[in-house]
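Okay, structure first, notes after.
Reminder, nothing fancy here: chain letters follow the sequence lines and each chain counts from 1. A quick note: this is a predicted structure, and the numbers were derived from the prediction, not measured. All values below were derived from every heavy atom in this structure, side-chain atoms included, with hydrogens, water molecules and symmetry-related copies excluded.
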Protein chains: 4
Amino acid sequence: MRSAAKKTAPTPEVAADRKKQILKAAVEVFAERGFHRTRVSDIAKRAGVAYGLIYHYFESKDDVLNCVFEENWSVFLKVLRDLEANPELAAAQKLRSIAALLIDALQIAPATIQVIIQEVSRSDRFVHTEKVHAFEGAFTVVRQIIEGGQRRGELRADLSAQVGAYIFFGALETICTGFMLGHIRCSTPEEAAVVKHTVELTLLHGLLDPKGAK
Amino acid sequence: MRSAAKKTAPTPEVAADRKKQILKAAVEVFAERGFHRTRVSDIAKRAGVAYGLIYHYFESKDDVLNCVFEENWSVFLKVLRDLEANPELAAAQKLRSIAALLIDALQIAPATIQVIIQEVSRSDRFVHTEKVHAFEGAFTVVRQIIEGGQRRGELRADLSAQVGAYIFFGALETICTGFMLGHIRCSTPEEAAVVKHTVELTLLHGLLDPKGAK
Amino acid sequence: MRSAAKKTAPTPEVAADRKKQILKAAVEVFAERGFHRTRVSDIAKRAGVAYGLIYHYFESKDDVLNCVFEENWSVFLKVLRDLEANPELAAAQKLRSIAALLIDALQIAPATIQVIIQEVSRSDRFVHTEKVHAFEGAFTVVRQIIEGGQRRGELRADLSAQVGAYIFFGALETICTGFMLGHIRCSTPEEAAVVKHTVELTLLHGLLDPKGAK
Amino acid sequence: MRSAAKKTAPTPEVAADRKKQILKAAVEVFAERGFHRTRVSDIAKRAGVAYGLIYHYFESKDDVLNCVFEENWSVFLKVLRDLEANPELAAAQKLRSIAALLIDALQIAPATIQVIIQEVSRSDRFVHTEKVHAFEGAFTVVRQIIEGGQRRGELRADLSAQVGAYIFFGALETICTGFMLGHIRCSTPEEAAVVKHTVELTLLHGLLDPKGAK
DNA sequence: AATGAATGAGAGTTCATTCAT
DNA sequence: GATGAATGAACTCTCATTCAT
């Protein structure tokens with residue numbers, strides 16, 4: 001009997017779908033209004049589910065944001081770690097790949113990037129230390145890439161790898177912000193290429209023109 | 001003795017002082033707890049004044065944040081514009097000065113920098129467009145500096161000055177964030193020198209070691 | 001037993017009841033303390049519901065008052081319009097009926113009348129123009145009744161129907177006020193009859209004694 | 001020495017003027033915004049004096065309203081009592097005079113009338129019982145006039161003088177309101193004459209056309 | 001699983017009133 | 001008399017969370 005099946009079979013797939021459906025809606029409204037300005041009812045409305053259902057799948061509104069973060073950040077971090085561990089790639093190539101990864105992601109999932117950058121990386125950074133730790137994970141990978149490059153003589157050794165990692169990440173993060181504000185265009189492969197090229201020149205080769213005097 | 005002074009008793013200086021006193025307290029608690037978690041009463045308590053007095057000097061809690069921003073940002077922007085307009089300085093020197101300005105400011109007024117970076121530059125960015133415009137002002141100056149350097153052959157001409165400006169600012173901003181998180185040390189002149197040196201090498205000369213094989 | 005009923009559990013009837021329950025409580029406390037002196041919590045307390053529930057059913061405290069007004073005034077207005085449109089009744093009879101309607105209502109729902117007269121018909125009259133319009137509706141009906149009577153030779157033609165309508169309504173309104181102040185008694189059919197009789201004589205026949213000299 | 005004189009000579013006339021000046025301003029803003037929506041600072045601004053000076057001349061904001069009321073109402077009441085006591089006038093003539101008094105006042109001091117009608121006669125009637133008593137004074141006079149007319153056979157004896165007094169006053173009050181709303185015109189002697197005529201016919205002679213079939 | 005009515009703590013803001021000058 | 005800075009109680013409205021159905 002079908003209706004009974006409906007009642008009793010909360011198949012894991014269905015449950016996972018519901019959770020995904022809510023997360024997708026949450027990313028959208030967080031990106032549009034910001035986390036603080038988003039009400040739980042906004043998420044529910046966008047997801048097309050009832051108010052209280054959010055609390056079946058998530059512990060709190062904060063938890064929804066955390067899940068958005070963790071789901072995406074962990075994937076990102078895994079890619080980063082795999083890159084870092086790859087002995088066949090030069091440090092510069094690794095950094096190039098990270099930049100390309102982020103810049104390309106802007107075209108695929110701008111809302112997700114926006115939410116992570118804007119809301120998670122900032123809002124209650126000093127309160128939610130787990131997120132700080134997660135962020136540190138990415139910084140650490142980049143720092144290790146730089147340190148590796150320095151050891152192998154690929155990258156300048158006379159600079160702080162830690163500060164360099166911050167500069168590298170900050171540059172990328174602000175590019176994301178500029179994109180969200182509509183100030184930096186990278187929605188087509190051509191536009192993205194310009195951005196990647198500029199990142200390459202600026203961070204790897206330096207702004208100074210080697211042909212220039214002084 | 002000036003009896004007239006008695007008449008205008010709550011002298012303008014006192015009023016200005018009160019406003020400064022409240023702004024100072026606001027910066028402190030905003031930096032500690034974040035704007036959203038700060039109650040108006042927290043500001044009042046820290047400033048040692050009554051609740052309602054905040055509303056004597058400011059229109060709203062938002063207005064307090066705006067004032068923090070405007071007071072400091074306008075000064076910063078002025079310095080930037082003066083720098084940009086100085087024909088005697090090379091583009092690289094101008095960028096070096098901007099970086100030094102910010103890095104040194106971290107030691108002098110870390111809370112103010114933190115509030116501006118964290119609260120103003122982020123939260124509700126898309127809502128409060130005046131702030132976006134203010135920020136754009138700084139981006140524009142840096143872009144103009146880069147463009148000037150490109151025209152004069154000092155800086156690489158084959159990159160987007162707009163994207164470069166974002167990278168430059170993002171790098172500095174994230175350094176500020178790293179400092180606030182305690183991950184980047186620059187509280188002494190020596191530490192600051194390391195940071196400045198890394199910024200110089202990374203952004204102007206590039207991470208790649210010129211001696212290194214490609 | 002209807003399991004479906006269980007599902008839709010907080011049945012629409014219940015929701016409507018809750019709204020009615022809150023409106024009833026609001027009318028009571030508005031009548032006792034006046035709109036401005038009534039706190040939203042007073043309404044909630046009287047209704048036996050939680051604070052925030054008021055805002056589940058109403059947009060604001062003002063909205064509660066508006067609903068009190070609209071629910072009752074629209075009914076009143078409908079009766080008035082039906083009366084006016086009835087070709088079988090003489091103008092005098094129509095006016096008599098309106099007076100009787102209001103005077104009898106005083107016995108049935110004194111608090112509601114009081115709130116409408118005191119709070120809606122007065123406070124902020126010049127701000128809430130929708131209410132003014134609603135009131136005008138009633139004035140218009142009475143004016144039309146008077147004009148109809150004048151055309152048919154039933155009522156004096158040499159007076160302003162507009163001013164007459166105001167006089168008629170003002171008389172009734174002040175009787176309501178006098179009742180609320182305890183100065184006019186019309187809680188029993190006998191007392192109400194005296195009032196109706198006086199209205200009839202004063203407004204229809206005039207205060208002057210036709211047998212009197214002068 | 002002049003400045004000393006300024007300091008020390010708060011001549012009674014000056015003080016009285018200041019009070020009048022504040023009262024005048026208060027009437028204006030009360031009429032414009034209503035008592036509750038008027039801030040003490042609004043009164044001060046209109047009067048061109050400082051905030052706290054109001055509290056030199058009045059005990060509270062309520063007290064300002066009371067003074068507006070008392071100053072004008074007592075004058076009105078005195079005229080009413082003199083009228084009532086005049087043995088040479090017929091009751092009808094007395095009522096006519098009262099109506100004319102109010103209608104003419106609308107042209108001279110509309111704001112004052114508006115404030116008294118709207119704010120004093122209503123707002124917190126049940127709280128400020130003194131005002132109720134003051135109002136009763138006027139009702140009593142009209143009731144006595146009616147009773148006198150009834151005794152002398154001038155007015156119908158078979159109606160409640162009390163209810164009649166309410167009707168009479170209510171009619172006038174609502175005419176004032178209609179005037180304030182711009183629905184009743186009586187700013188010129190001609191317009192005022194129409195209104196007076198309608199009051200005369202409606203209240204004294206009755207709406208019914210004596211020539212009309214019953 | 002799903003719904004949405006119900007809860008109530010919490011926060012921003014207003015403004016009458018006081019008081020030092 | 002005159003000023004307006006200072007006070008803080010009061011009040012409305014929001015919204016995350018709970019829970020009966």
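In this structure, A:R18 places its CZ atom 10 Å from P of E:dA1, rounding to the nearest Å. Note: NE2 (B:H36) to C1' (E:dG12) measures 12 Å, nearest angstrom. The interatomic distance linking A:F58 (CZ) with E:dA2 (P) rounds to 13 Å, in whole Å. Residue D:D62 contributes atom CG, which lies 15 Å from atom P of E:dC15 at whole-angstrom precision. D:Q21 has its CD atom 12 Å from the P atom of F:dG1, to the nearest Å. Atom CZ of D:R37 and atom P of E:dT13 are 19 Å apart (whole Å). Rounded to whole Å, the distance from CD1 on C:I54 to P on F:dT14 is 14 Å. Rounded to an integer number of Å, the gap from C:Y51 OH to F:dA10 C1' is 10 Å.
The base of F:dA2 is paired with the side chain of D:H56 by a donor and an acceptor separated by under 3.5 Å. Not a single donor-acceptor contact under 3.5 angstrom links the side-chain atoms of B:Y55 to the base of F:dG8.
When each of C:V49 and B:S60 is assigned the nucleotide of DNA chain E bearing its nearest heavy atom, the one mapping closer to the 5' terminus is C:V49. Nearest-nucleotide positions on DNA chain F place D:G48 closer to the 5' end than the other of C:K61 and D:G48.
Between B:R33 and B:R39 there is a side-chain heavy-atom pair separated by less than 4.5 Å. Within the 4.5 Å cutoff, the side chain of D:L53 has heavy atoms near those of the D:H56 side chain.
Judged by Watson-Crick or G-U wobble contacts below 3.5 Å, the nucleotide E:dA1 has no partner. Pair check for E:dA20 finds F:dT3; Watson-Crick or G-U wobble, both atom distances under 3.5 Å. E:dG12: Watson-Crick or G-U partner is F:dC11, with both key distances under 3.5 Å.
For the pair A:E32 and A:R46, the salt-bridge criterion is met [side-chain N within less than 4.0 Å of a carboxylate O].
Using a 4.0 Å heavy-atom cutoff across all strands shown, C:S41 reaches no nucleic acid atom at all.
In this structure, of F:dT3, E:dA6, F:dT17, it is E:dA6 that holds the atom nearest to the side chain of C:Y57. Picking from F:dT3, F:dG8, F:dC11 the nucleotide with the shortest atom distance to the side chain of C:R39 gives F:dC11.
Summarising the geometry of C:T38 relative to C:V29, their closest heavy-atom pair is OG1-O, 3.4 Å, with the distance given to 0.1 Å.
Relative ring orientation between A:H36 and B:H36 is described as parallel, the plane-to-plane angle staying below 30° on a 0-90° scale split at 30° and 60°.
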